[in-house]
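None of the values given here were measured: they were computed from a predicted structure.
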Amino acid sequence: MKQFIRNLKLNEDVSICFFRRQIRTSRKMVTMLLAIIIVPIVLSLFLYSAYSADTMEKGILRNMKVTVEQGKSNIDYRMEQAEGNALAILTTVYPYIASEVSVEAQIREYNELMRILAEYRSRHQITKLRLYVTGNKRYSTQRDIFYPLEDLLLLDGAASTQTLRGSRWLEPHAVSLTFGERTVQVISCQTTITSTDNYERIMGVLFMDLNVSDFNTVLSAGVGEQEALFLINAEGKVLAHSDNARIGEQACSEAEMETIRRNASGSMSIQGDKEASLLVYSRLSATDWYLAMMVPRSEVYATGFFSLDMVRIILILLMLISFVVAVVLAYNMVIESTLLRLNNAIKRLESEGLEQIADEQGDVIIVNKNNRPSSLATLERNADHLVMTVKTLLDK
């Protein structure tokens, strides 16, 4: 490299060693070759850097949408299955919970209800079943599987019996699997059945509890280390997450949730505490919850060794090399042009046939063969005249 720069500075021609062979060419040819090779490469990498980020982002968003739709289909199917099972259970047990029978008959009812609930629980992946019945049923005080209907008034989100009608899903809450054991976090499908004679009269409410950890298992399947698949409510609170520690956190701001609620499904870019992320979301069919997937935006620029970051580094290096070469060539051209002008001036002076003679005052001057002042003599005389003029002005 030093020899190459030295050749640029000193020689009109450039000597390049190529496979131990010295190739001699002009500087202009080298400049043109560098321009032909480097400029297209730099331009291509610049265009690649400008447009590939958008292409990579669209590709990642497509994959995220596929993952979200697959997860949504899985959760929708499970919720629809749970709602169907809850309705089937209530239809089966309705004759028992709506009957007005003696205590002895209620004991037989209790055994039959336990058998029915145990059968459904064993066939379907249900964590627990809780059936709330009217207070006239003696087994309503069991408080393990059967509960009095009046207790629902004490539960959060069920301030009146009007909120119990129909079917709805409850956010994660703690439930004890059996009396006296530790509690687990469950998502519950609450289904109500009313009297066939009086629609206003509630005869029973069934809670079908699904373990949150089962949802977390579904959400963590096929998710990368930097990716997150989670379930949020309409306010952006995390209900289930591939990382169990994130449950209960606020995943999205109110402004972001307003956009999510308005569009129901789509994608957006959100700014987190540490970095920006890509978010893909889709509303569940059973309730106003959303399945969302989040990937840091930095992942867009790190897809393999030949990543966008690597391309940018190469681009910067090539631009620096191009700048150094351009500076060397420009410096060489300026210096050579100056030296060329000086050489021409000296040659012109030498061609005048200069000689020294004395003028009228006896001073020695340089003249050409025709006894006319040379260019150097004229320059000297002008310089002396300038000095005398300045001195006169200073004296005044």
Mind jotting down which residue pairs meet the salt bridge (Lys or Arg N to Asp or Glu O under 4.0 Å) criterion with at least one end in residues 231-248? Sequence neighbours excluded, please.
R246-E249

So which pairs with a foot in residues 93-102 pass salt bridge (Lys or Arg N to Asp or Glu O under 4.0 Å), sequence neighbours left out?
none

Between Q185 and N211, does any side-chain donor sit less than 3.5 Å from a side-chain acceptor?
no

Hey, are T127 and D209 close enough side-chain-wise for a donor-acceptor pair under 3.5 Å?
no

Tell me, please, which residues at least two apart from [X] pass side-chain hydrogen bond (donor to acceptor under 3.5 Å, both in side chains).
X	value
S195	none
T217	none
T91	none
T134	N136

Can D214 and R78 be counted as an ion pair, charged N to O under 4.0 angstrom?
yes

Counterpart residues, side-chain contact (heavy atoms from CB on, under 4.5 Å), relative to [X] (two or more places apart):
X	result
E258	R261, R262
E256	C252, S253, M268, I270
V101	S99, A105, Q106, E109, K137
S176	E181, T183

Ring geometry between F230 and H241 (parallel below 30°, tilted from 30 to 60°, perpendicular above 60°)
parallel

Classify the ring geometry between Y147 and Y132 as parallel (under 30°), tilted (30 to 60°) or perpendicular (over 60°).
parallel

Looking at W289, W169, Y290, F215, which one forms a side-chain contact (heavy atoms from CB on, under 4.5 Å) with L239?
W289

Across all chains, not counting sequence neighbours, the salt bridge (Lys or Arg N to Asp or Glu O under 4.0 Å) partners of E69 are none

Residues forming a salt bridge (Lys or Arg N to Asp or Glu O under 4.0 Å) with K72, sequence neighbours excluded:
D76

